[in-house]
Colleague: 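Mind looking over this structure? Questions follow.
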Number of protein chains: 2
Amino acid sequence: MTKKMLEQSGKTIPLQQMVTFRLARLHAKTNAQSTRILNKSAGITLSQWRIMVLIESHGKTSPKEFVKHTKFDKGLVSRTIKGMIKNGLLYAESSDSDQRSHSVDMTEKGLALFERARPYMRERQVRLLDCLNKDERNALFESFDKLEVAIDSLDELL
Amino acid sequence: MTKKMLEQSGKTIPLQQMVTFRLARLHAKTNAQSTRILNKSAGITLSQWRIMVLIESHGKTSPKEFVKHTKFDKGLVSRTIKGMIKNGLLYAESSDSDQRSHSVDMTEKGLALFERARPYMRERQVRLLDCLNKDERNALFESFDKLEVAIDSLDELL
DNA sequence: ACTTTAATGTTGACAGGTCAACTAAATTTA
DNA sequence: TAAATTTAGTTGACCTGTCAACATTAAAGT
């Protein structure tokens, strides 16, 4: 297949301008960096970090709530929490009202690791936000919102 | 760790406002949807699709070029291409100038599958772009560029 | 020429993440 | 209340993606 043939065969959207492609690349980069920082600073994984961030801001949390707020896979959440309890980073409290459910909270050890990683993660977050001005930041989050809605409305497309 | 970092270490940025978090969630959604569309329309994976998109826009391509343009893992690229050749979607041509290298191009079968998936993927792409106006689109891509640069410049942070 | 260094790809091991089946408890409905 | 449905969480199978070690070839330095 020659380049000329391709040019004739219709309008192609350049790779660099595809939202999903750019999204994937940026996500891969940020993810890899988070993983490195978290491993080096506190020896924790990104999934563990995310659980702790939610607990830190919402207080004691159940897997259900976590899934609801983050849309992460409940299987992953279940396994991550299980591992964290085993490693003494979290402790579980069974719920009175629902025997299926339980809440988790950070132990001293978990909190200590969280505090070790936080300055680095925060600095990173701040620097990421600082590379955009206020308008750009707002526009970015707005676009994220719109894209999420668009994705959902596209599920009919199959 | 700098003094500034320590001073900030107590305050919390809400989860919903974290760039990386939003990025991860949006990426997960788009990825899952792509995977579904590609599987249903052509029985191919997202990795395979991406290889084909690059071949379609750049013509015959080597793994090296693919890695260079997309920043995807070379191991993944190697395995994906290997599988695609095995399934008759691509064919390889060894390079004269470099005995280590080879180029790949789409076979008829590969192209046919690509064409089957393309309308859906293009429609999706268009609809995603349509949910943003021109300014928002430009701003989004610009922000992506800036964030990628920022991420790279952050690697010193450890 | 020859040793060293860098580039290209392949492979194995593993963590991250998705999907679906499953258990058990709660809720709804008939 | 009993049956059916929904919800919370767990688990197994599987795929994707990352990292590092490796073989091979090319390029650079001496």
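Chain A is the first sequence line, chain B the second, and so forth, proteins listed ahead of strands; every chain is numbered from 1.
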Colleague: At under 4.0 Å between heavy atoms, how does the protein contact nucleotides 9-19 of chain C? Give one character per nucleotide, 5' to 3', with B, S or -.
Modeller: BBBBB--SSBB
Colleague: Ignoring hydrogens and angles, write down the donor-acceptor pairs under 3.5 Å from the side chains of residues 130-137 of chain B, residues two or more places apart or on other chains.
Modeller:
from: Asn133(B); atom 1: OD1; to: Asp135(B); atom 2: N; distance (Å): 3.0
from: Asn133(B); atom 1: OD1; to: Glu136(B); atom 2: N; distance (Å): 2.8
from: Glu136(B); atom 1: OE1; to: Lys146(A); atom 2: NZ; distance (Å): 3.3
from: Glu136(B); atom 1: OE1; to: Asn133(B); atom 2: N; distance (Å): 2.9
from: Glu136(B); atom 1: OE2; to: Lys146(A); atom 2: NZ; distance (Å): 2.6
from: Arg137(B); atom 1: NH1; to: Leu129(B); atom 2: O; distance (Å): 3.0
from: Arg137(B); atom 1: NH1; to: Leu132(B); atom 2: O; distance (Å): 3.0

Colleague: Under 3.5 Å, side chain of Ser101(A) to main-chain N/O of Gln99(A), donor-acceptor pair present?
Modeller: no
Colleague: Ser153(B) and Arg127(A): side-chain donor and acceptor closer than 3.5 Å?
Modeller: no
Colleague: Who are the salt bridge (Lys or Arg N to Asp or Glu O under 4.0 Å) partners of Glu142(A), not counting sequence neighbours?
Modeller: none
Colleague: Applying side chain to side chain donor-acceptor pair (under 3.5 Å), name anything that partners Asn87(B), two or more places apart in sequence or on another chain.
Modeller: none
Colleague: Tell me which pairs pass salt bridge (charged side-chain N to carboxylate O under 4.0 Å, His left out) where either residue lies in residues 76-88 of chain A, with sequence neighbours left out.
Modeller: none
Colleague: In chain order, what residues pass the salt bridge (Lys or Arg N to Asp or Glu O under 4.0 Å) check against Asp105(A), with sequence neighbours excluded?
Modeller: none
Colleague: Does anyone know the first and last nucleotide of DNA chain D in reach of chain B, 5' to 3', at under 4.0 angstrom to a heavy atom?
Modeller: dT16(D) to dA26(D)
Colleague: Can you see whether Ser95(A) engages Ser97(A) through a side-chain donor-acceptor pair at a distance of less than 3.5 angstrom?
Modeller: yes
Colleague: Can you name the salt bridge (Lys or Arg N to Asp or Glu O under 4.0 Å) partners of Lys109(B), sequence neighbours left out?
Modeller: none
Colleague: Please convert DNA chain D into dot-bracket. A pair counts if it is Watson-Crick or G-U wobble with both distances under 3.5 Å; crossing pairs go in [ ] and bases paired with another strand get |.
Modeller: ||||||||||||||||||||||||||||||
Colleague: Excluding sequence neighbours, so at least two apart, what forms salt bridge (Lys or Arg N to Asp or Glu O under 4.0 Å) with Glu93(B)?
Modeller: Lys60(B)
Colleague: What parts of residues 90-98 of chain A reach DNA chain D, counting only heavy atoms under 4.0 Å away?
Modeller: none
Colleague: Scan residues 61-75 of chain B for pairs that pass salt bridge (charged side-chain N to carboxylate O under 4.0 Å, His left out), counting only residues two or more places apart or in two chains.
Modeller: none
Colleague: Keeping Thr30(A) on the side-chain end and Thr20(B) on the backbone end, is there a donor-acceptor pair under 3.5 Å?
Modeller: no
